[in-house]
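Scroll down for the structure; my scribbles are underneath it.
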There are 2 protein chains.
Amino acid sequence: MNANPKSLKREILSSIRKALLELGNATKAELSDKLEISFPTISKFLLQMEKDGEIRSVGLDESSGGRRAKRYAYNPEHMLGLAVFLEKTETNYTIFNCMGEVKEQGKAPSVLVDSGINLLTKFIEEIMATNSSKIHSIAIGVPGSVDNGKIFYMPGYEEYHDFDIKGYYEDYFSIPVVVENDMNAAILGFNYNNRMKDDQSLIYLYFGHNGPGAGFMINGDVVRGKTFFAGEVSFVPQYSERNFGQALENGSRINEEAGSKDYQIDPISRLVASFTAIINPHTVIFCNDEIEKEMLNKITIGSSKYIPAEHLPELTISDWKKDYLYGLQKLCLDFMIMNNDI
Amino acid sequence: MNANPKSLKREILSSIRKALLELGNATKAELSDKLEISFPTISKFLLQMEKDGEIRSVGLDESSGGRRAKRYAYNPEHMLGLAVFLEKTETNYTIFNCMGEVKEQGKAPSVLVDSGINLLTKFIEEIMATNSSKIHSIAIGVPGSVDNGKIFYMPGYEEYHDFDIKGYYEDYFSIPVVVENDMNAAILGFNYNNRMKDDQSLIYLYFGHNGPGAGFMINGDVVRGKTFFAGEVSFVPQYSERNFGQALENGSRINEEAGSKDYQIDPISRLVASFTAIINPHTVIFCNDEIEKEMLNKITIGSSKYIPAEHLPELTISDWKKDYLYGLQKLCLDFMIMNNDI
DNA sequence: ATCACTTATTAAAGTGATTTAATAAGTCTA
DNA sequence: TAGACTTATTAAATCACTTTAATAAGTGAT
């Protein structure tokens with residue numbers, strides 16, 4: 001619980017930031033109206049923000065009969081964010097501004113090697129050195145389970161287990177750090193990017209090289225589960241003798257030479273049916289490098305054998321990598337907007 | 001967004017209420033400490049609350065070396081809540097205080113008859129008449145899908161569809177009203193009653209006379225789904241040719257005379273496995289009039305054929321009716337504590 | 001019993017947001 | 001181009017919580 005004037009100030013500041021970024025630009029009156037905060041208060045905050053270079057006046061409105069109103073816009077370059085995503089084969093990073101515009105991006109060999117955290121630290125340090133003061137938060141994406149900034153489980157990298165990356169780097173760089181699982185970041189990114197309502201239920205489904213998995217967002221929250229096992233859909237029992245993972249594999253061996261993926265339709269349809277009967281999501285997202293549009297129609301038809309069609313989720317295809325990046329950006333932005341001194 | 005001094009006041013008041021009810025009793029210093037609100041502010045609020053009869057002094061603490069501190073407790077009788085649950089065969093109601101103590105309860109014939117809402121209105125009106133001013137909020141439980149106080153779907157009672165009960169009665173009685181589906185209320189009740197953490201994922205599973213169903217709470221939120229279809233688990237495909245509903249029924253016909261329920265073990269085990277692979281819940285709750293303890297063990301063993309045992313949820317048995325009632329009470333209490341004039 | 005000490009409570013000054021009134025900067029009409 | 005009107009901004013007064021200082025009420029030792 002935190003109910004005091006200081007928190008009010010923070011609350012107001014971040015709500016102004018959010019509104020300005022969302023609207024693109026606004027007058028004081030518009031902000032006061034939208035945020036239900038009094039005009040003088042808005043005025044005072046904007047004055048300070050303009051002094052700090054956080055916002056800029058972008059001219060006067062046309063008169064609506066009286067004095068023309070000044071219009072303000074957020075200065076996108078005032079704060080930058082850094083997103084780093086660690087993968088087995090390489091490490092990518094992007095630096096972006098509040099509008100989501102990428103200012104710089106690059107690639108490096110994987111830092112996920114035995115030597116532990118040092119390589120990653122050095123990597124971030126170098127990036128920070130050149131962009132110094134402007135970076136206000138860091139988001140790190142990892143291929144493993146994350147519990148509140150602490151790596152809980154990352155297959156193949158046991159030396160990272162139980163390491164509190166978030167805490168470590170927040171101490172080290174003195175800026176907010178957020179760490180998230182790749183799949184969960186992708187879901188957040190998809191949700192953000194497609195401007196969906198906040199309380200949607202989404203499922204991001206991938207088949208991958210090491211077996212299928214899924215990321216879940218329910219009522220706008222990422223689902224991790226009791227033992228971070230949520231999304232291990234290959235274990236879903238589907239046929240008398242096979243689970244989802246086996247049905248995909250088994251089929252693939254039989255149809256190896258045919259080149260057709262039709263054998264996957266029924267297992268996926270059953271999985272979609274199970275999702276619907278259990279959590280009835282709004283959307284199920286597939287990865288663009290794994291599945292074709294035509295396939296989706298077949299799955300829709302397949303699922304409707306198990307569930308009345310009106311309850312089925314919308315099936316869409318999206319760019320996983322892009323969503324992942326957007327997700328990390330979104331996490332960063334939230335921190336930049338919310339968390340702030342003064 | 002709401003960031004102004006008025007909301008601060010409300011926030012403080014409800015946090016004091018919450019803390020006092022949670023702790024049972026407290027001194028001003030304890031409240032100030034716990035809530036991170038300054039002593040003078042706490043003092044001012046408590047003074048007013050004591051004047052209003054909302055709290056009472058319950059004596060002085062033993063001295064810890066200096067002046068003895070006054071200890072305050074919430075007056076449970078200050079506000080009462082009314083929970084009404086509508087069923088096909090009858091209508092139950094209870095009146096209870098902030099501590100959850102039932103002050104009065106009763107039963108009436110079902111109001112779910114063709115004549116629409118009038119019977120229910122009259123029923124509540126009579127209860128309100130005798131307990132007049134003390135009832136500060138009403139919770140109504142219904143056997144159907146509810147969307148923000150509006151009945152979305154209630155099988156067999158199409159005349160209620162799209163009727164905004166919440167809005168109607170809030171206008172009529174001028175106190176907060178909350179309407180919730182029976183299963184969802186039961187989950188809230190179980191969660192509340194067992195003092196679980198707020199962000200748990202629970203599943204309440206019932207088999208019922210008209211086929212099985214489930215209620216879901218994920219990360220502390222009730223799950224309704226895109227078309228309020230969440231929890232219709234009988235549609236989950238489980239065997240090559242049968243879904244969960246069919247597996248339960250089919251088995252029952254075969255084993256009709258044997259009296260054994262063992263045929264249910266594998267379907268239920270598979271369902272629990274599906275839950276685990278998808279959302280990895282903390283607990284799955286069964287109804288005490290439908291299943292025995294011994295059965296649970298068999299299901300646990302059965303599920304572990306499909307999923308590594310460490311990821312499986314805890315299986316428990318609970319009193320559905322009681323949880324349902326507690327859930328409605330909890331909803332009422334939340335409204336009483338939060339929503340309040342002044 | 002008095003004094004030193006501890007803790008609870010009350011009082012006064014300070015900070016921050018709101019409300020209301022006053023002022024400034026425009027537009028439009030006569 | 002002056003006056004009426006509209007709308008944006010600034011200023012003053014008010015309300016609410018916090019911080020800090022002062023006071024009250026009790027305990028225990030000398």
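Residue numbering restarts at 1 for every chain, and letters A, B, ... go by the order of the sequence lines.
Among the nucleotides D:dC17, C:dG16, C:dT19, the one closest to any side-chain atom of B:I12 is D:dC17.
Between the CD atom of B:Q48 and the P atom of D:dC15 there is a distance of 16 Å, given to the nearest Å. Taking atom CD on B:E11 and atom C1' on C:dA17, their separation rounds to 16 Å, with Å as the unit. Whole-Å rounding puts the A:L8 CG to D:dC15 C1' distance at 13 Å. For the pair B:E36 CD and D:dC17 P, the computed distance is 17 Å after rounding to whole Å. Counting to the nearest Å, the C1' atom of D:dC15 and the NZ atom of B:K44 are 9 Å from each other. When rounded to the nearest whole Å, the span between CD1 of B:I42 and P of D:dT19 equals 13 Å. One can place NZ of B:K28 at 16 Å from P of D:dA24, the figure rounded to the nearest angstrom. A:L60 has its CG atom 14 Å from the C1' atom of C:dT27, to the nearest Å.
A:N25 pairs in a side chain to side chain donor-acceptor pair (under 3.5 Å) with only one of the listed residues (A:R71, A:R56, A:E30), which is A:R71.
With salt bridges taken as basic N to acidic carboxylate O contacts below 4.0 Å, one links B:K166 and B:E170.
Inspection of the A:S43 and A:K28 side chains reveals an N or O donor paired with an N or O acceptor under 3.5 Å. Residues A:Y172 and A:E125 have side chains that bring a donor and an acceptor to within less than 3.5 angstrom of each other. B:N97 and B:E77 share a donor-acceptor pair across their side chains, judged by distance under 3.5 Å alone.
When both distances must be under 3.5 Å, the Watson-Crick or G-U wobble mate of D:dT30 is C:dA1.
Take A:Y93 and apply the side-chain hydrogen bond (donor to acceptor under 3.5 Å, both in side chains) test, not counting sequence neighbours, and it matches A:E104.
With a 4.5 Å cut-off on side-chain heavy atoms, B:S57 and B:E50 count as touching.
The phosphate of D:dC17 (OP1 or OP2) has no side-chain N or O of A:K9 nearer than 4.0 angstrom.
The residue B:T41 sits close to a base: some heavy atom pair falls under 4.0 Å.
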Review point. Along nucleotides 2-8 of chain C, 5' to 3', which nucleotides get a B, which get an S, and which get a -, given that the test is a protein heavy-atom distance under 4.0 Å?
Key: ----BBB
